[in-house]
Structures are given as C-alpha cells and as structure tokens.
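Worksheet for the structure shown next.
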Amino acid sequence: MRSQDDVAVVRVTTDGPLLVRGRLRLVDEEGREVCTRRRINALCRCGRSAVQPFCDGTHKIVPFSPRAVNGSSASAHAAGSPPGG
C-alpha cells in the first residue's frame with residue numbers, strides 16, 4: 001500500500017508551469033530518466049523554456065496563453081470559478 005507521501009500532487013498554475021510536489025519519476029520521449037532533485041518541480045507549459053522539460057520563467061516574457069482546464073479558462077479557475085463554469 002502506498003502512503004500519502006508517495007503520491008505526487010500536480011498543481012496547474014495560472015499562466016505558468018505545472019508544479020509537481022512529491023516523488024516523481026520523469027522520463028523523456030526515448031524512455032531515459034530525467035534527473036529530478038527538488039521536492040517541487042516546475043514543468044514548462046509554454047514550450048519556450050531553455051531547460052525543458054523544466055520551467056525557467058520564460059512564460060513571463062513571451063506570449064503564452066494556457067489551454068483550458070476541464071473546459072474552462074485557467075484564469076476562471078484562479079478566480080475561484082468551478083470547473084466548467
């Protein structure tokens with residue numbers, strides 16, 4: 001049985017990276033393991049980071065609009081709107 005500490009939690013941030021808290025095994029497109037040494041890993045969503053797959057903050061200076069989450073905009077979620085509304 002897995003303990004709560006073994007479960008990674010992924011948080012979608014408004015106009016920013018995916019924040020992954022917890023143990024994470026990350027592999028690239030060829031199946032090679034990508035080293036993750038932090039307790040919280042920020043994964044790029046804008047596609048412009050120089051340190052892919054990790055976020056380097058580039059989303060702050062380039063045009064970037066995240067896709068909707070559960071059919072609604074990410075900014076609506078940040079404002080506290082329920083999913084889909």
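Each residue takes its place number in the sequence, starting with 1.
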**Message:** I need the minimum non-hydrogen distance between Asn41 and Arg38, along with the two atoms involved.
**Reply:** ND2-O, 3.3 Å
**Message:** As an exercise, state the distance from CG of Leu24 to OG1 of Thr36, rounded to the nearest 0.5 Å.
**Reply:** 4.5 Å
Report, one line per pair, each donor and acceptor closer than 3.5 Å where one atom sits in a side chain of residues 55-66; sequence neighbours left out.
from	atom 1	to	atom 2	distance (Å)
Asp56	OD1	Thr58	N	3.0
Asp56	OD1	Thr58	OG1	2.5
Asp56	OD2	Ala50	N	2.9
Asp56	OD2	Thr58	OG1	3.2

**Asked** Hey, are the side chains of Arg11 and Val9 touching, using non-hydrogen atoms and a 4.5 Å cut-off?
**Response** no
**Asked** For the atom pair CG (Leu18) and CZ (Phe54), what is the distance rounded to the nearest 0.5 Å?
**Response** 12.5 Å
**Request:** Identify the two heavy atoms, one from Ser49 and one from Cys46, that lie closest to each other, and give their separation to 0.1 Å.
**Result:** N-SG, 4.3 Å
**Message:** Count I, L, V, M, F, W, Y as connected when their side-chain heavy atoms are under 4.5 Å apart, and connections chain through other members. Are Ile40 and Val12 then in the same cluster?
**Reply:** no
**Prompt:** To the nearest 0.5 Å, how far apart are CG in Leu43 and CG in Leu19?
**Reply:** 8.5 Å
